[in-house]
There are 2 protein chains.
Amino acid sequence: MSKIERHGGGMMRDRKAKAEPRARSKIASITTVAERAGVSIATVSRIVNGIAKKASPETVAKVQRAIAELGYRPVSVGRALRLRESRIVAVLAANLSNPTMAAIAASAESALRQAGYVMVLCDTHDRADLQDEYLLEMRALLVRGIVMLAAVSSPGLDDFVQAKEPILFVNRRGPGSRTSFVGVDNKQAGSEVAAHLLKLGVTQTAVIHGSLGSSATAERLAGFLEAMASEGHRLAPHHVRTAEVSDHLMIGLNATRSLLEFGSPPHGLFCLSDLIAYGAHKALQEAGLSSPEEVRVIGFDDNPLNNWLAPWLTSVKVPYREYGTAILEGLETIWSGAPPRHVLLRHHLIVRMAGANPE
Amino acid sequence: MSKIERHGGGMMRDRKAKAEPRARSKIASITTVAERAGVSIATVSRIVNGIAKKASPETVAKVQRAIAELGYRPVSVGRALRLRESRIVAVLAANLSNPTMAAIAASAESALRQAGYVMVLCDTHDRADLQDEYLLEMRALLVRGIVMLAAVSSPGLDDFVQAKEPILFVNRRGPGSRTSFVGVDNKQAGSEVAAHLLKLGVTQTAVIHGSLGSSATAERLAGFLEAMASEGHRLAPHHVRTAEVSDHLMIGLNATRSLLEFGSPPHGLFCLSDLIAYGAHKALQEAGLSSPEEVRVIGFDDNPLNNWLAPWLTSVKVPYREYGTAILEGLETIWSGAPPRHVLLRHHLIVRMAGANPE
DNA sequence: CCCGTTAGGGAAAACGTTTTCCTTTACCGA
DNA sequence: TCGGTAAAGGAAAACGTTTTCCCTAACGGG
């Protein structure tokens, strides 16, 4: 205060009164601990980090007592600055309102936490500009790794990949071939769906998909179409549809509505995500078509709620729970300097046959 | 390398070969910018932070050019260390597999991001020990604020509240009365549900709830029971149920199953979360009971998927989307030093009447 | 001509770590 | 006794900021 008084008046102050770092309850720093234990901060640091052979048992005991008494915990920020790397891992998700992505993010959080990391979660809303902004922000945070949970292609992303930043791609592959990846075998899954329908004798099929910019979408579609074609069934162009909206639910609804305007409905409808399938289901209901009896709807992801709310929906289950550890391992591979790997998690086709009215 | 060679062999190394901070592509620091622009780092800092009246227009131009050329962005960690406070806001959620919490977290992320903050998201799994561990970790990160998205009571939490750490409680109230809160008026909502049922002539009702440790649960229940009682309807003890599991879906399933063992089913079933309602619905189906015709099921939260998958479920809609800005405002209130406030967001009862078989 | 003010900007400290050197003992073998 | 080595631990630098002082030059008023 006295320093401000010197000027004699408040008019001249051109910055906000923020002045010095905020008070907040003082927390113990390594210096406090060192003083209390009567050693140097170097020794405290070594003991905290378990560097052996550098302190006598008595010293270790002294220091640990001081730590306990003061409730000391190293300030990550100091460490990060010195090491030029924090214990933070960033997860950039394309769309957190998608239950599947949210579930994968949650799984990643657990796995990262157990390994001592902290997750920063960002929603890029599938926008290239936001994604780039986030990438820069994350670099400024000195994050230890970046997990792209469904990346969109963007100039900044290319730069980061080029610069060999530690990036792991999940579900959608990264640019170029030298990127690490965790996901499912979308193409294989697509062809399994085709096989399943054919086994049921369903040959009149249609597909509804979201943006083909996503490698996952493109691969699912390719797998399905190729498997169908190899059995002699080629889908008419108007049987492979999408809609000009970004929300998958609305894609399902709108695309199915317009699909039904083209003559007789298909007997099998492959929706490239569960959300699309929900939308499709609604459109089918509107049209008085029951699923799965009249139109067999197949989704992708297998939202856990399907067991409770969508007993009519056959879906490709992706193993959310396993994503967390796979992501962690993927990051560790990157950190170890090993060449990039592609890890494919096992999926399963969950077949549900219950009618819309299950009584 | 040469330093290691000195020892002549690998046996003696007692630390991992990590040695010095990792290489990574060198990113520009404030020093680089200062040198390039031919000014001091103090000047660069002032210009970056928009401190007026301290640099001539030409200097500003020079510096900004240097910044652009180098692609400089301040390293948050350095700033955080100096200010003893980062731009990170931590969100500690009780259960990220709950779609409602995930949605609120996603909403918070957007709002925080727009205000220039970065969200760290943690899943406490409703465990006191994990929550405490996270709290300490977040303090070590020098986070600017902590959002407790459904807190569990824990010793560490009490400490933090005592220490006046900037904590905002969401959905579940914090310990003591001097804590900031954002949520809905659970009690009022509970009584509205009662009123709704009574208006429909439904007086035989039951309630299924999760842990009563949650203030939200307790308030919803109290609101409902009191409103019922005030109209002369008291629920039998076995009509207010829970189940000894943590998963809300299973609570709904198990509690409803055992409820149905007690004579005639209620005509109205208030489930204190949508997930509980989904479980209840399944149990009702098993028993051959249709909803809403025979048993009117009412949920809470109104999962966005209800419109698509649960046309039989009337539910209290909480405004997810509004949580983000409310949370941001709540934090800003705390930071401004104003006394704690309780903000109640508007809820709505969404009435759905469609039968289980909507054709 | 002198004093006071202001604009413009630099030097340096501080934030909390980790790690590299360096020093001091103590001990052991020859 | 000497030389060498190991154990134990300290001093100090560095990481990238922000901010407090401080300095200089210019300028305006008396």
Side-chain angles (χ1 to χ4, degrees), chain A residues 2-4 6-8 12 14-16 18-22 24 26-34 37-60 62-63 72-87 139-142, chain B residues 3-4 6-7 12 14-16 18-22 24 26-34 37-60 62-63 72-87 139-142:
Chain A
S2 58
K3 290 177 188 165
I4 292 177
R6 221 160 28 100
H7 285 186
M12 324 300 304
D14 55 2
R15 348 192 206 293
K16 316 190 190 84
K18 254 187 83 174
E20 270 297 288
R22 55 186 294 200
R24 187 94 74 89
K26 200 70 182 170
I27 79 173
S29 84
I30 199 174
T31 316
T32 335
V33 175
V39 299
S40 75
I41 61 168
T43 299
V44 176
S45 172
R46 285 190 284 248
I47 290 174
V48 166
N49 293 300
I51 309 281
K53 299 288 171 202
K54 292 293 281 181
S56 69
E58 308 90 66
T59 308
V60 171
K62 262 192 317 192
V63 170
Y72 167 72
R73 165 179 286 235
V75 171
S76 329
V77 166
R79 187 186 295 222
L81 183 56
R82 159 71 211 215
L83 297 178
R84 307 180 54 65
E85 178 160 283
S86 70
R87 299 283 291 176
R139 176 151 66 183
L141 266 180
L142 302 182
Chain B
K3 291 179 189 165
I4 292 177
R6 224 164 17 108
H7 286 186
M12 323 298 304
D14 55 2
R15 346 190 208 294
K16 318 194 189 79
K18 254 188 85 174
E20 269 298 289
R22 55 187 294 200
R24 189 93 75 88
K26 200 71 179 167
I27 79 172
S29 84
I30 198 172
T31 315
T32 335
V33 176
V39 298
S40 75
I41 62 168
T43 299
V44 176
S45 173
R46 284 189 285 249
I47 290 173
V48 166
N49 292 300
I51 309 279
K53 299 287 170 202
K54 292 294 284 181
S56 69
E58 307 89 66
T59 309
V60 172
K62 260 193 320 194
V63 170
Y72 167 72
R73 162 178 289 235
V75 171
S76 328
V77 165
R79 189 186 294 223
L81 183 56
R82 158 74 210 209
L83 298 178
R84 309 184 52 65
E85 179 162 283
S86 70
R87 298 283 292 175
R139 177 152 66 185
L141 265 180
L142 302 183

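So that the names make sense, note that chain A is the first sequence line, chain B the second, and so on, each numbered from 1.
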Would you say [X] places a side-chain N or O within less than 4.0 Å of OP1 or OP2 belonging to [N]?
{"X": "A:S76", "N": "C:dG16", "value": "no"}
{"X": "B:S56", "N": "C:dG9", "value": "yes"}
{"X": "A:T59", "N": "D:dA8", "value": "no"}

Which heavy atom of [X] sits nearest to which heavy atom of [Y], and what is that distance?
{"X": "A:A55", "Y": "A:V60", "answer": "CB-CG2, 3.9 Å"}
{"X": "A:R139", "Y": "B:I27", "answer": "CD-CG2, 3.8 Å"}
{"X": "B:S86", "Y": "B:L141", "answer": "OG-O, 3.6 Å"}

Reckon [X] touches a base, only the sugar-phosphate, or nothing at all at heavy-atom distances under 4.0 Å?
{"X": "A:S29", "result": "sugar-phosphate"}
{"X": "A:V77", "result": "nothing"}
{"X": "A:A42", "result": "base"}

In this structure, CD1 of A:I47 is separated from OG1 of A:T59 (nearest 0.5 Å) by 6.5 Å

Looking at OG of B:S29 and CD1 of B:I41, how far apart are the two atoms once the value is rounded to the nearest 0.5 Å? 8.5 Å

Atom [atom1] of [X] and atom [atom2] of [N]: how far apart are they, to the nearest Å?
{"X": "A:L142", "N": "C:dT17", "atom1": "CG", "atom2": "C1'", "answer": "13 Å"}
{"X": "B:I41", "N": "C:dG9", "atom1": "CD1", "atom2": "C1'", "answer": "13 Å"}
{"X": "A:I47", "N": "C:dT19", "atom1": "CD1", "atom2": "P", "answer": "15 Å"}
{"X": "B:L141", "N": "C:dG16", "atom1": "CG", "atom2": "P", "answer": "15 Å"}
{"X": "B:L81", "N": "C:dT18", "atom1": "CG", "atom2": "C1'", "answer": "13 Å"}
{"X": "B:R84", "N": "C:dG16", "atom1": "CZ", "atom2": "P", "answer": "4 Å"}
{"X": "B:L83", "N": "C:dA14", "atom1": "CG", "atom2": "C1'", "answer": "11 Å"}
{"X": "B:I30", "N": "D:dA14", "atom1": "CD1", "atom2": "C1'", "answer": "16 Å"}

If you fit an axis to the five pairs at each end of the helix from C:dC1-D:dG30 to C:dA30-D:dT1, how big is the angle between those two axes, to 10 degrees? 50°

Got a donor-acceptor pair under 3.5 Å from the side chain of A:R82 to the base of D:dG16? no

I'd like to know if B:R46 reaches the base of C:dG10 with its side chain, counting only an N/O donor and acceptor under 3.5 Å. yes

Among the nucleotides D:dA11, D:dT18, C:dG9, which one has an atom lying closest to any side-chain atom of A:S40? D:dA11

Partner residues of B:V44 under the side chain to side chain contact (heavy atoms under 4.5 Å, CB included) criterion, sequence neighbours left out: B:I30, B:V33, B:A34, B:V39, B:V48, B:V63

Is B:R79 close to B:N49 at the side-chain level, that is, under 4.5 Å between some pair of heavy atoms? yes

